[in-house]
Amino acid sequence: KAGVTQTPRYLIKTRGQQVTLSCSPISGHRSVSWYQQTPGQGLQFLFEYFSETQRNKGNFPGRFSGRQFSNSRSEMNVSTLELGDSALYLCASSATPGANVLTFGAGSRLTVL
Amino acid sequence: GQNIDQPTEMTATEGAIVQINCTYQTSGFNGLFWYQQHAGEAPTFLSYNVLDGLEEKGRFSSFLSRSKGYSYLLLKELQMKDSASYLCAVANFGNEKLTFGTGTRLTIIP
């Protein structure tokens with residue numbers, strides 16, 4: 001069965017722009033979590049969605065937002081990009097919400113110039 | 001809050017054994033996960049411990065001591081393909097998300 005699919009894989013933006021990243025979970029998985037990965041901070045939790053509802057949110061500014069659709073696909077958006085937003089954004093899915101075994105996608109690498 | 005510590009880098013020899021340690025401080029501990037992440041790839045699940053003791057899965061084993069806030073991942077018969085980052089992650093009650101350490105980059109040398 002197909003894994004977690006993230007698009008785009010790579011993108012370059014400039015400061016002040018906004019970006020939307022997409023994640024398609026494993027078929028049948030209804031929980032989607034997003035993480036930001038940087039060399040110094042490791043994986044930092046952004047938010048989790050289950051059945052189109054945000055269940056949990058990390059300590060990121062309001063510029064970071066997300067949503068989930070009825071088919072469990074999820075998007076995250078970052079507005080007014082800053083240089084520090086350059087990172088690998090990982091999406092993970094699981095069958096049930098909460099701290100479970102996560103299956104990660106390969107990530108979207110964002111570079112902000 | 002939570003605090004998770006792992007060594008930043010380790011080097012080991014092909015065929016040998018290596019132990020990667022993880023210490024954590026958290027309230028309401030509800031399990032510890034280990035993930036492997038090869039460069040440029042997605043993290044993949046290796047093991048899960050919620051009770052004290054050793055969980056063995058082939059060449060990989062994971063140990064947990066809840067009273068000490070300590071876990072380790074043991075890799076035996078090391079292969080070159082084991083060169084990767086190993087991420088320790090903790091779950092706790094009431095905050096249903098995984099909190100990850102910064103990872104240990106393991107390099108296997110011939």
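Convention: sequence-line order gives letters A, B, ...; per-chain numbering from 1. Quick note: numbers below take in every heavy atom, side chains included, and nothing from hydrogens, waters or symmetry partners.
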Undergrad: Under a single-linkage definition using a 4.5 Å side-chain heavy-atom cutoff for Ile, Leu, Val, Met, Phe, Trp and Tyr, are B/M80 and B/I109 assigned to the same hydrophobic cluster?
TA: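 B/M80 and B/I109: separate clusters.
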
Undergrad: Side chains of residues 101-110 of chain A: which donor-acceptor partners sit under 3.5 Å, not counting sequence neighbours?
TA:
residue	atom	partner	partner atom	Å
A/S108	OG	A/P8	O	2.5

Undergrad: Which residues in residues 42-71 of chain B have any heavy atom lying under 4.5 Å from a heavy atom of chain A?
TA: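 Answer by number: B/A42, B/P43, B/F45.
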
Undergrad: Tell me the salt bridge (Lys or Arg N to Asp or Glu O under 4.0 Å) pairs involving residues 2-15 of chain A, sequence neighbours left out?
TA: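 Qualifying pairs: none.
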
Undergrad: Let me check something: do A/W34 and A/V19 share a hydrophobic cluster, defined by ILVMFWY side-chain heavy atoms less than 4.5 Å apart, either directly or through other members?
TA: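 The answer is yes; both residues are in one hydrophobic cluster.
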
Undergrad: Which pairs would a plain distance check flag for residues 36-44 of chain A, meaning a side-chain donor or acceptor within less than 3.5 Å of a matching protein atom at least two apart in sequence or in another chain?
TA:
residue	atom	partner	partner atom	Å
A/Q36	NE2	A/Y89	OH	3.0
A/Q37	OE1	B/Q37	NE2	3.0
A/Q37	NE2	B/Q37	OE1	2.8
A/T38	OG1	A/Q41	N	3.4
A/Q44	NE2	A/Q41	O	2.8

Undergrad: Hydrophobic clusters here meaning ILVMFWY residues chained together by side-chain heavy-atom distances under 4.5 Å, can you tell me if A/Y35 and B/L87 are in one?
TA: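 Result: yes, single cluster for both.
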
